[in-house]
Protein chains: 2
Amino acid sequence: MTTASTSAPRWLSDEEQRVWRAYLHATTLLEDHFDRQLQRDAGMPHIYYGLLVQLSQAPRRRMRMTELARNAKITRSRLSHAIARLEKNGWVRREDCPSDKRGQNAVLTDDGLDMLRRSAPGHVEAVRQAMFDRLTDEQVRSLGEIMRALATGLEPEDADADLPWLR
Amino acid sequence: MTTASTSAPRWLSDEEQRVWRAYLHATTLLEDHFDRQLQRDAGMPHIYYGLLVQLSQAPRRRMRMTELARNAKITRSRLSHAIARLEKNGWVRREDCPSDKRGQNAVLTDDGLDMLRRSAPGHVEAVRQAMFDRLTDEQVRSLGEIMRALATGLEPEDADADLPWLR
DNA sequence: TCTATCTAGTTCAACTTTCAAGAAAAGGTC
DNA sequence: GACCTTTTCTTGAAAGTTGAACTAGATAGA
C-alpha cells in the first residue's frame with residue numbers, strides 16, 4: 001500500500017481478525033463448493049458458467065468481448081482463453097463485430113443455451129442450499145448491503161483513487 | 001445437486017438474485033485486489049502468504065503438511081506444489097517428521113519470517129482499507145456471523161451430509 | 001494526409017491448480 | 001507374521017490464469 005510503508009501499522013483487533021478469517025474461510029469453501037458442483041454437473045468452472053449466463057441475458061445472446069470481460073470482472077486475456085474453451089465445447093461461437101473490425105462478439109449457441117437450461121435448476125438449488133437456506137431474511141439483507149459497500153471503491157473506475165492529483 | 005434434478009426448482013427471488021450477484025462481485029474484486037497487492041509487495045499470491053502466516057503462528061514455526069492443508073482449505077496436492085515453490089524461494093523448508101516416517105513438516109525459515117515481517121504491515125493496511133474502513137461496527141459484527149453461518153455445513157466433515165445411511 | 005496514440009483482442013511463456021495415479025509407511029485383523 | 005485397508009505425501013499431465021508483448025484497426029491532431 002502506498003501510504004502504509006512508513007507509518008506505524010494499524011493492526012487488526014481480535015474481533016476484526018476473527019471476522020477476516022471467517023470471511024476467508026467461508027468464501028474459500030463456497031467457491032470450492034460451486035466450482036465442484038458446476039464442474040460435475042455442467043463440465044465447467046463457476047466463472048465459465050457465469051459467462052454463459054451473461055450471454056444468455058444479453059440482447060440477441062451476444063456480447064462484445066471487452067464488455068463481457070468487464071461484467072465478469074476478468075481480464076480480456078483470461079476471457080480469450082475461456083471463450084476458446086467454450087467454443088471448443090460448442091456452447092459459444094465468435095463472430096466479427098460489424099461496426100468495429102477489431103471487435104468480436106461472443107455468441108451463445110443453441111447448444112450453450114440448452115446446457116444452461118439443463119444445469120440452471122441444479123445450480124440454483126446449490127446456491128440456495130449453501131447460502132440462502134442458512135441465513136435469516138435480515139442477514140440476507142445485511143449481506144447485500146455489506147457486499148455493495150465492499151465493492152464500492154474496488155471498482156476499476158476507482159483504480160486511481162489514491163492518485164488525487166489525477167482527478 | 002442430488003435432490004434438485006427432478007422436483008421443480010426453487011428459483012431465487014429478485015432480492016436474493018441481487019444479493020447473490022453482489023456477493024460474487026465483491027468477493028471477486030476483493031480476491032483480485034489482495035492477490036495483486038501481495039504479488040506486488042511480497043512476490044506471491046494471497047494463498048501462499050496465508051501459508052506462511054499459519055506457519056509463523058504454529059509452535060516452533062512448523063506444521064505437518066496435512067494439518068496445514070486442512071487449515072488453509074486446500075488439497076494436499078496443491079500444498080505440495082505450493083511448498084515446493086516457497087522452498088525454492090527459501091522461505092520454507094521441508095523436514096522429516098520424527099514420529100511418522102510418512103510425514104513431513106513444513107518449516108518457516110528465518111528468511112521466510114523476515115519476508116513476513118516486511119510485508120505484514122502493508123497487507124494489514126490493505127485489508128483495513130478494503131474491508132474494515134468501509135463497514136460500520138455493526139456490519140463487521142454481522143459479517144462475522146454470516147460468514148460463520150455459511151462456513152458451517154460446508155466443512156469437509158459434512159461432505160457426506162446428504163448420505164444419511166452412512167451415519 | 002501523415003503521424004502518433006489509443007483500443008480490441010489474441011498469443012506466448014511462466015506459473016498455479018486440479019485430478020488421477022502411485023510410493024511408502026501405518027494400522028487393523030486374522 | 002501376512003494381508004488388507006487407510007493415511008501421508010508426491011508426481012505428472014492437463015487445464016486454467018497471469019502479465020507482457022504483439023497485431024490490427026480506430027481515433028485525434030498537425
Side-chain angles (χ1 to χ4, degrees), chain A residues 28-29 31-40 42-52 62-89 91-107 156 159, chain B residues 28-29 31-52 62-89 91-107 156:
Chain A
T28 306
L29 289 177
E31 199 176 288
D32 279 18
H33 182 64
F34 293 120
D35 260 339
R36 260 179 246 288
Q37 186 263 316
L38 283 169
Q39 192 71 57
R40 173 166 50 82
M44 62 190 134
H46 192 189
I47 184 111
Y48 287 29
Y49 182 86
L51 296 175
L52 297 190
R62 70 199 61 206
M63 207 180 287
R64 283 290 292 272
M65 293 293 280
T66 297
E67 195 193 346
L68 185 49
R70 189 158 19 85
N71 285 1
K73 275 96 204 165
I74 63 177
T75 61
R76 285 188 309 256
S77 167
R78 186 171 173 185
L79 182 62
S80 266
H81 291 296
I83 293 296
R85 196 274 219 189
L86 293 172
E87 215 170 6
K88 213 176 291 180
N89 285 299
W91 296 329
V92 168
R93 67 185 157 74
R94 282 177 226 247
E95 175 188 83
D96 290 347
C97 174
S99 56
D100 186 336
K101 282 178 186 165
R102 297 167 302 180
Q104 292 277 105
N105 280 317
V107 187
Chain B
T28 306
L29 289 176
E31 198 176 288
D32 279 18
H33 181 65
F34 294 120
D35 260 339
R36 262 179 247 288
Q37 186 263 317
L38 284 169
Q39 192 70 59
R40 172 165 50 81
D41 298 345
M44 62 189 135
H46 191 188
I47 185 115
Y48 287 30
Y49 183 87
L51 296 175
L52 297 190
R62 70 200 61 206
M63 208 181 285
R64 284 290 294 273
M65 294 291 279
T66 296
E67 196 192 346
L68 185 49
R70 189 157 20 84
N71 285 0
K73 275 96 204 164
I74 62 178
T75 62
R76 278 177 317 223
S77 168
R78 184 172 173 186
L79 182 62
S80 265
H81 290 297
I83 293 295
R85 195 273 221 190
L86 293 172
E87 215 171 6
K88 215 177 288 179
N89 285 299
W91 297 329
V92 167
R93 68 185 156 71
R94 281 176 226 248
E95 177 187 82
D96 291 346
C97 175
S99 57
D100 185 336
K101 283 178 185 164
R102 298 167 302 179
Q104 291 279 106
N105 280 317
V107 187

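When reading the values below, keep in mind they use all heavy atoms of this one structure, side chains included, and skip hydrogens, waters and symmetry mates. All chains are named by letter (A, B, ...) in the order of the sequence lines, taking the proteins before the strands, and each is independently numbered beginning at 1.
- For A/R94, the side-chain hydrogen bond (donor to acceptor under 3.5 Å, both in side chains) partners are A/E87, not counting sequence neighbours.
- For the pair A/N89 CG and D/dG16 P, the computed distance is 9 Å after rounding to whole Å.
- Rounded to whole angstrom, the span from the NE2 atom of B/H46 across to the C1' atom of C/dC15 amounts to 18 Å.
- Atom P of nucleotide D/dT10 and atom CZ of B/R85 are separated by 17 Å, given to the nearest angstrom.
- Here the C1' atom of nucleotide D/dG16 and the CD atom of A/E87 are 17 Å apart, to the nearest Å.
- For the atom pair B/D35 CG and B/E31 CD, the distance stands at 6.0 Å (nearest 0.5 Å).
- D/dA20 atom P lies 10 Å from atom CZ of B/R36, rounded to whole Å.
- The CG atom of B/L38 sits 16 Å away from the C1' atom of C/dT16 (whole-angstrom rounding).
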Verify side chain to side chain contact (heavy atoms under 4.5 Å, CB included) between B/R64 and B/D100, making sure each step is shown before the conclusion. CA-CA 10 Å; B/R64 284 290 294 273; B/D100 185 336; 3.9 Å; yes

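- Taken to the nearest 0.5 Å, the OG1 atom of A/T75 stands 8.0 Å off from the NE2 atom of A/H81.
- Here C/dA23 presents its P atom at 19 Å from CG of B/D96, a figure rounded to the nearest Å.
- Contact check for A/V92 versus A/L51: no side-chain heavy atoms found under the 4.5 Å cut-off.
- Rounded to an integer number of Å, the gap from OH of B/Y48 to P of D/dT17 is 15 Å.
- Interatomic distance, A/Q104 CD to A/R76 CZ, rounded to the nearest 0.5 Å: 13.5 Å.
- Both A/K101 and A/I47 lie near DNA chain D, and the one whose nearest nucleotide falls closer to the 5' end is A/I47.
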Summarise protein proximity over nucleotides 7-14 of chain C in one line of letters, 5' to 3': B for base, S for sugar-phosphate only, - for none, counting protein heavy atoms closer than 4.0 Å. BSBBBB--

